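Residues: numbered from 1 along the sequence shown. Each ligand, and each atom within it, is numbered from 1 in the order the structure gives. None of these values were measured; they are calculated from a predicted model.
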Amino acid sequence: MFADTKKLLQNAQKHNYAVGHFNINNMELVQGIVRAAEKLNAPVILATSEGAIKYAGMEYLFCLAQTAAHQVNVPVALHLDHGQDLEVIRKAITMGYSSVMIDASHEPFEKNIRRTTQVVQMAHRKGVSVEAELGTIGGAEYLVSSRKILYTDPAKAREFVEQTGCDFLAVAIGTSHGAYKFAGKAQLRLDILKQIKKAIRVPLVLHGASGVSQKIVKEAEKYGAKLEGVQGVPSQQISQAIKQGITKINTDTDLRLAFDAAVRKVIQTKPKDFDPRHILGPARESVQKMAEERIRLFSSAGKR
Ligand code: G3H
Ligand code: 13P
Ligand code: ZN
């Protein structure tokens, strides 16, 4: 049985920490993440994007996550990340996801409200909670993209939450998806976050929050990756964002980099080894280490 995302976030809100949302695409990612959560006694949210679902299939990812949740003693929630297709959202709700995100942030305000309200009504009937987004988070992933960042307007956020009844809100305060988050100095708009926090009570979500660790980047580059110009959100700013009320933090890029660095290392250093377990086993360990670092940073260790 999956944990209730809303309860996890309400608890985090009460005790001033953030729950880690980690994107999954395959078994090694799922195992790396839940092993980290179990080791640190932390609640965790596994998340599937529509891109991940296209790649692996919703049933496969659901069953992997369900098996993981059964095997560990920490709360594991399953979340649909950046849902845009109503059919995918409906299927996730019916299948038993803990929560879904409706991402209509690219639409005009009124249409975002209409689409979000529609999903809230559908999800709440089944006891599933809903994350919505207001403002736009920059960057480009496989199916998730936006060219520029439009900061969330605190007054609009209040109106949006009141009208839609969404359970948590993803805010745009300067982060973007992927490994190239800032052209110059990394700086989140914590001043805007502070105003949003004053205006609304629902838990707040930070997307595009990966740190893009220099250590992992160097390791991947040592074995052939080309990652010039990458930059993530500094850890200190993540801690400040948590202090200002962020209670769910999304990480995908950091796991991809950790996975990539480990795979590259095996391929380059063991050219005669072609056993997938020897290639993906170290990637799973590297993902676990990265997830542990993130969980510690979010102060959710020991909060099961
Ligand atoms: O927020 C976006 C996530 O990193 C998912 O990316 O669409 O490439 O799976 P994806
Ligand atoms: P990163 O690309 O910074 O890991 O963000 C992931 C994310 O926001 C998933 O929804
Ligand atoms: Zn995101």
Side-chain angles (χ1 to χ4, degrees), residues 5 9 18-26 29-30 32-33 44-58 60-61 65 77-85 88-89 92 97 99-106 130-147 149-150 152 168-182 186 188 203-213 216-217 227 229-235 237-238 241 246-261 287 290-291 293-295 297-298:
T5 313
L9 298 187
V19 182
H21 148 140
F22 296 100
N23 286 75
I24 59 167
N25 294 294
N26 62 23
L29 283 160
V30 173
I33 297 160
V44 77
I45 299 165
L46 300 176
T48 66
S49 67
E50 288 189 355
I53 290 166
K54 265 210 166 80
Y55 172 73
M58 195 185 275
Y60 269 99
L61 293 173
L78 180 63
H79 177 74
L80 174 70
D81 193 22
H82 292 284
Q84 297 197 348
D85 181 335
V88 174
I89 296 173
Y97 274 55
S99 49
V100 293
M101 176 181 187
I102 162 71
D103 180 359
S105 57
H106 49 283
V130 178
E131 174 179 333
E133 179 176 323
L134 186 63
T136 53
I137 293 150
E141 301 291 282
Y142 169 43
L143 291 175
V144 179
S145 74
S146 169
R147 239 159 259 121
I149 298 167
L150 289 176
T152 306
F168 7 105
L169 187 69
V171 294
I173 55 166
T175 58
S176 50
H177 292 110
Y180 302 85
K181 298 189 187 297
F182 306 96
L188 300 191
L204 303 178
V205 182
L206 191 64
H207 283 246
S210 277
V212 187
S213 137
I216 286 290
V217 169
L227 295 167
V230 293
Q231 195 184 175
V233 182
S235 297
Q237 289 186 36
I238 292 289
I246 291 289
T247 51
K248 173 174 174 283
I249 300 186
N250 295 12
T251 300
D252 187 353
T253 297
D254 280 343
L255 302 183
R256 294 180 182 193
L257 289 168
F259 196 99
D260 176 67
V287 163
M290 178 56 69
E293 271 178 38
R294 303 295 290 166
I295 288 169
L297 175 62
F298 304 159

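Qualifying side chain to side chain contact (heavy atoms under 4.5 Å, CB included) partners for A209, counting only residues two or more places apart in sequence or in other chains: L206, I238, I249, R294. Shown here are the side chain to side chain contact (heavy atoms under 4.5 Å, CB included) partners of A92, two or more places apart in sequence or in another chain: M58, L80, Y97, V100.
The nearest pair of heavy atoms linking V233 to G208 is CG2-O, 3.7 Å.
For Y180, the OH atom is densely surrounded, since the number of other residues' heavy atoms within 6.0 Å is greater than 12.
Set against the non-hydrogen atoms of H82, the atoms of ligand 2 under 4.0 Å away are 10 (O). Numbered from 1 in the order shown, with element, the atoms of ligand 2 that lie under 4.0 Å from a heavy atom of H207 read 8 (O), 10 (O). Close approach of ligand 1 to D252 (heavy-atom distance below 4.0 Å) involves ligand atoms 3 (C), 4 (O), 5 (C), 6 (O). Every atom of ligand 2 with a heavy atom of H177 under 4.0 Å away is listed here by number and element: 2 (O), 5 (O), 6 (C), 7 (C), 8 (O), 10 (O). Close approach to H82 involves these atoms of ligand 1, each under 4.0 Å from a residue heavy atom: 1 (O), 2 (C). Less than 4.0 angstrom separates some heavy atom of K181 from each of these atoms of ligand 2: 1 (P), 2 (O), 3 (O). Heavy-atom contacts of D81 reach the following atoms of ligand 2: 9 (C), 10 (O) (cutoff under 4.0 Å).
For H207, the N, O or S atom with the smallest separation from the Zn ion (ligand 3) is ND1. Counting just the N/O/S atoms of H177, the one with the shortest distance to the Zn ion (ligand 3) is named NE2. Restricting H82 to its N/O/S atoms, the shortest distance to the Zn ion (ligand 3) is reached by NE2.
Heavy atoms of R256 stay at 4.0 angstrom or farther from ligand 2. Ligand 1 lies nowhere less than 4.0 angstrom from a heavy atom belonging to H207.
Residue contacts with ligand 2 for A179 are absent, since no atom lies close enough (heavy atoms, distance under 4.0 Å). Proximity of R256 to ligand 1, defined as any heavy-atom pair under 4.0 Å, is confined to the side chain (atoms from C-beta onward).
Put simply, CD1 on I137 and OG1 on T175 are 5.0 Å apart, with the number rounded to the nearest 0.5 Å.
Taking only non-hydrogen atoms, the option from T253, D252, V233, I249 nearest to atom 2 (O) of ligand 2 is T253. Checking S176, A47, S210 against atom 4 (O) of ligand 2, the nearest heavy atom belongs to S210.
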Next item on the list: Step by step, work out the side-chain contact (heavy atoms from CB on, under 4.5 Å) result for L78 and L61.
Entry: CA-CA 10 Å; L78 180 63; L61 293 173; over 6 Å; no
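Taking 4.5 Å as the limit, some side-chain heavy atom of T5 sits within range of a side-chain heavy atom of F168. When side chains are defined from C-beta on, V205 does not count as touching L169, because their heavy atoms never get closer than 4.5 Å. With a 4.5 Å cut-off on side-chain heavy atoms, S235 and E293 do not count as touching. In this structure the side chain of V30 reaches within 4.5 angstrom of the side chain of L46, judged on heavy atoms. Side-chain contact between F22 and I295 is present, with at least one heavy-atom pair separated by less than 4.5 Å.
By the 3.5 Å distance cut-off applied to N or O atoms, N23 is not counted among the residues near ligand 2. No N or O atom of D254 sits closer than 3.5 Å to an N or O atom of ligand 2. Polar contact check, T251 against ligand 2: no nitrogen or oxygen pair lies under 3.5 Å apart.
In this pair, H207 and H82 present their aromatic rings perpendicular. The plane angle is above 60°, beyond the 30 to 60° band.
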